[in-house]
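Report on the structure given below.
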Amino acid sequence: MARKKIREYDSKRLLKEHLKRISGYELPIKSAQVTESTDFNELAEKEPWLSSGKLVVKPDMLFGKRGKSGLVALNLDLAEVAVFVKERLGKEVEMSGCKGPITTFIVEPFIRHNEEFYLNIVSERLGCSISFSECGGIEIEENWDKVKTVYVPTGSSFTSETCAPLVATLPLEIKREIEEFIKAVFALFQDLDFTFLEMNPFTLVNGKPYPLDMRGELDDTAAFKNFKKWGNIEFPMPFGRVMSPTESFIHGLDEKTSASLKFTVLNPKGRIWTMVAGGGASVIYADTVWFFLLGYRISVKRIFLSFVFSVCIGLLCDKNCVHQVGDLGYASELGNYAEYSGAPNEEEVLQYARVVIDCATSDPDGRKRALVIGGGIANFTDVAATFNGIIRALKEKESKLKAARMHIYVRRGGPNYQRGLTKMRSLGEEIGIPIEVYGPEATMTGICKQAIECISAAA
């Protein structure tokens, strides 16, 4: 499962489009998305409700606490919304330690209301947890003791009996309506492969539930069966994370293949680069490289910080985390985070390897560099086949590799690994570039240490 955040606009769009199909519930949700390219006159023609009542406008950027941060404007007309957006569009803000520009807003009708409820559904390993509170809104964290939660194991039905503890204290006149709403939303959650869904708050309009604020995450590995239901869905980068052209290129490849291709530049001037097969292996390589780099120059206290950093790389791949550690003087040599898996074909590996090598060999400064082409022991990926793409890229980039004084370290196991490693050894002799090749008998941490020793040796 890959949990991917989606914008509030898309969460509400999916809720509106599919809740009636699934449960007969029809929600009068209205919302519009505003970006730099939006023409407000054209938008008003397309969505006439924008000119017929008061509005709410807020950033739609995958971060929370917008109200507490003064980024939500209420009870505006369309002209005032345009001014609010113009003053903030493209401006950098800091949220939860991450800085980035605001590029997208959501505009909705202003709904006067008295009640505010909280609903949260989370997919877990063996089921789903469903939480509800009668005290929703921006103070939900201060009232967390009033949140009630039930657990629905995978394969079990979410019945009225299961839901009963959530709505037990509600007034009778709204109890049935909210119970049916929660059950309908849970059915939608499962049907569309949400992994996380939160309404904070939702209210009642003419006695019917209406979400005022909503967050959603989808399992993007379910896109193959949901692409028609999801429609033109967007999976934005985390707030503060802006892709470079090379990262955008790999991201485009990743979206077009059933395999997984990930690439994040951590330090363009770094001298150790990785091209690693498998998500788990990529974290181990990044962690190990960072550990040994730190071990050459710093104390145990800082090695602990390197562990924190490696968790940031492996779990978030978030450049902001990297910069924070870099500010402390640690991000000196590790150039990237990279991972390919899921049996990509030779052409996909070729294009992927070209990008990694171009970044790893840019702006040579006369000092040695290292490229770690590694991985664990593959289950079903044909090692020889994927190595064919890497070998073609290495041949194409021979002059760049030599100019960068690149040393290459290879470690791999799995189907046809002996044939793949033999080809790699032959390549080193053919193009005259140092390539050290190891099978599963060598440890991943061992070749990382060799790469560190290589770049640490006198130039």
Side-chain angles (χ1 to χ4, degrees), residues 3-18 27-40 42-44 46-47 49-50 53-78 80-111 118-120 136-138 140 192 194-203 210-218 220 230-243 251 318 320:
R3 301 172 183 261
K4 291 289 187 71
K5 292 183 179 180
I6 58 175
R7 298 197 190 276
E8 182 177 1
Y9 174 81
D10 280 323
S11 292
K12 289 180 173 176
R13 174 180 64 82
L14 293 177
L15 184 69
K16 180 180 180 179
E17 290 177 0
H18 296 285
L27 297 179
I29 293 175
K30 297 176 182 176
S31 61
Q33 192 173 70
V34 176
T35 65
E36 186 178 13
S37 63
T38 299
D39 182 307
F40 275 89
E42 292 180 0
L43 185 62
K46 181 181 178 182
E47 305 286 356
W49 57 267
L50 288 167
K54 292 298 185 177
L55 305 169
V56 175
V57 59
K58 53 192 173 182
D60 195 359
M61 296 294 300
L62 309 187
F63 59 71
K65 303 188 185 299
R66 294 169 293 184
K68 287 186 175 182
S69 303
L71 293 173
V72 178
L74 308 174
N75 205 16
L76 306 183
D77 60 29
L78 185 57
E80 291 170 322
V81 167
V83 172
F84 181 90
V85 169
K86 184 177 180 180
E87 290 175 349
R88 292 161 180 80
L89 191 63
K91 299 296 176 61
E92 188 174 86
V93 298
E94 182 172 351
M95 299 297 295
S96 303
C98 294
K99 292 182 179 180
I102 298 177
T103 63
T104 307
F105 292 82
I106 182 172
V107 184
E108 304 171 294
F110 175 59
I111 306 293
Y118 172 82
L119 176 64
N120 175 270
I138 62 174
I140 184 64
L192 295 181
F194 274 88
T195 58
F196 176 91
L197 188 153
E198 181 180 75
M199 296 180 191
N200 186 36
F202 75 88
T203 190
Y210 187 98
L212 298 175
D213 192 277
M214 186 172 174
R215 291 197 296 145
E217 297 177 15
L218 295 174
D220 75 335
W230 290 353
N232 188 25
I233 198 73
E234 177 191 5
F235 293 109
M237 298 296 293
F239 176 69
R241 175 79 171 88
V242 179
M243 286 192 291
H251 182 70
D318 186 342
N320 280 296

**Request:** To the nearest 0.5 angstrom, please state how far the CG atom of L197 sits from the CD atom of E217.
**Result:** 10.0 Å

**Request:** Identify the heavy atoms of A32 and L50 that sit nearest to each other, and give their distance.
**Result:** CB-CD1, 4.4 Å

**Asked** Heavy-atom distance under 4.5 Å between the side chains of N120 and E198, does that happen here?
**Response** yes

**Prompt:** Which distance, rounded to the nearest 0.5 Å, do you find between the CZ of F105 and the CZ of R66?
**Reply:** 11.0 Å

**Request:** Could you tell me whether the side chain of S69 reaches within less than 4.5 Å of the side chain of M95, counting heavy atoms only?
**Result:** yes

**Flag, side chain of S11 to backbone of M214, donor-acceptor distance under 3.5 Å** = no

**Request:** Apply side chain to side chain contact (heavy atoms under 4.5 Å, CB included) to A73 and list each qualifying residue two or more places apart in sequence or on a separate chain.
**Result:** V57, L76, F84

**Non-hydrogen side-chain atoms of L43 and L78 separated by less than 4.5 Å** = no

**side-chain contact (heavy atoms from CB on, under 4.5 Å) between D10 and L218, worked out** = CA-CA 11 Å; D10 280 323; L218 295 174; over 6 Å; no

**Item:** side chain to side chain contact (heavy atoms under 4.5 Å, CB included) partners for I29, two or more places apart
**Value:** K12, L15, K16, L27, Y210, P211

**Request:** Name all residues meeting the ring-ring contact (aromatic ring centres under 6.0 Å, His included) criterion together with F196; count only those two or more places apart in sequence or in a different chain, and write none if there are none.
**Result:** none

**Prompt:** Looking at side-chain heavy atoms only, is the closest gap between L55 and W49 below 4.5 Å?
**Reply:** yes

**Contacts of E17 that satisfy side-chain hydrogen bond (donor to acceptor under 3.5 Å, both in side chains) - sequence neighbours left out** = R13

**Prompt:** Heavy-atom distance under 4.5 Å between the side chains of M61 and T104, does that happen here?
**Reply:** yes

**Request:** With sequence neighbours left out, write down each residue that passes ring-ring contact (aromatic ring centres under 6.0 Å, His included) with F202, or none if nothing qualifies.
**Result:** F117, F181

**Student check: side-chain heavy atoms of L212 and V56 closer than 4.5 Å** = no

**Asked** Looking only at atom types and distance, does a side-chain atom of W230 sit under 3.5 Å from a main-chain N or O of L192, one as donor and one as acceptor?
**Response** yes

**Message:** Applying salt bridge (Lys or Arg N to Asp or Glu O under 4.0 Å), can you list everything that pairs with K65, at least two apart in sequence or on another chain?
**Reply:** E141

**Item:** L62 CG to K5 NZ distance, which is reported to the nearest 0.5 Å
**Value:** 6.0 Å

**Asked** How long is the span from the CZ atom in F110 to the CG atom in D77, to the nearest 0.5 Å?
**Response** 13.0 Å

**Asked** Could you give all pairs that pass the side-chain hydrogen bond (donor to acceptor under 3.5 Å, both in side chains) test and reach residues 31-40, with sequence neighbours left out?
**Response** T35-S37

**Request:** Kindly state each residue pair satisfying salt bridge (charged side-chain N to carboxylate O under 4.0 Å, His left out) with at least one member in residues 54-64, sequence neighbours excluded.
**Result:** E8-K58, K58-E108, K58-D213

**Message:** I want to check something: taking the side chain as every heavy atom from C-beta on, are V81 and F40 in contact at a cut-off of under 4.5 Å?
**Reply:** yes

**Message:** Looking at every heavy atom in both P101 and G90, which two are closest together, and how far apart are they?
**Reply:** CB-O, 3.6 Å

**Message:** Checking E94 now: which residues fulfil salt bridge (Lys or Arg N to Asp or Glu O under 4.0 Å) with it, not counting sequence neighbours?
**Reply:** none

**Asked** Looking at residues at least two apart in the chain, or sitting in another chain, which of them share a salt bridge (Lys or Arg N to Asp or Glu O under 4.0 Å) with R7?
**Response** E234

